[in-house]
Amino acid sequence: MKVGVIGAGTMGSGIAQAFAQTEGYEVCLCDINEEFAANGKNKIAKGFEKELQKAK
């Protein structure tokens, strides 16, 4: 299933990360410009990194 999240701020990137961590979802994160979307993607990457550190 595809999920689109509009707005890559704190809330949007958190929602996108939650769906990305759930099996069966493909996530598209977008914002009003590429810089904002890239920042949201970086927040998600940092969130995944924190989860990996906790697992160790």
Side-chain angles (χ1 to χ4, degrees):
M1 180 181 290
K2 292 184 181 181
V3 175
V5 179
I6 300 171
T10 301
M11 186 180 290
S13 61
I15 293 168
Q17 181 177 348
F19 274 107
Q21 288 178 282
T22 305
E23 189 174 337
Y25 288 98
E26 180 181 340
V27 181
C28 178
L29 178 65
C30 40
D31 210 311
I32 58 173
N33 68 38
E34 280 294 316
E35 182 182 351
F36 295 161
N39 288 339
K41 185 178 176 183
N42 289 334
K43 286 179 192 177
I44 293 169
K46 287 179 185 179
F48 280 134
E49 185 63 35
K50 286 181 184 179
E51 292 295 323
L52 287 174
Q53 294 301 322
K54 285 181 186 178
K56 291 182 181 181

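Quick note: numbers below take in every heavy atom, side chains included, and nothing from hydrogens, waters or symmetry partners. Since we're looking at a predicted model, the values are computed, not measured.
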Minimum-distance pair of heavy atoms, taken over all atoms of Leu29 and Ala16: CD1-CB, 4.1 Å

Closest heavy-atom contact between Gln17 and Gly47? NE2-C, 3.5 Å

Residues 1-12, side-chain donor-acceptor partners within the protein, below 3.5 Å, at least two apart:
none

Tell me who clusters with Phe36, hydrophobic residues only, linked when side chains sit under 4.5 Å apart either directly or through other members. Ile32

Listed pairs under 3.5 Å, donor-acceptor, residues 19-27 side chains, sequence neighbours left out:
from	atom 1	to	atom 2	distance (Å)
Thr22	OG1	Ala18	O	2.9

I'd like to check Asn39 versus Asp31 (side-chain heavy atoms, cut-off strictly below 4.5 Å). Are they in contact? no

Contacts of Gln53 meeting side-chain hydrogen bond (donor to acceptor under 3.5 Å, both in side chains) (sequence neighbours excluded), chain-then-number -> Glu49

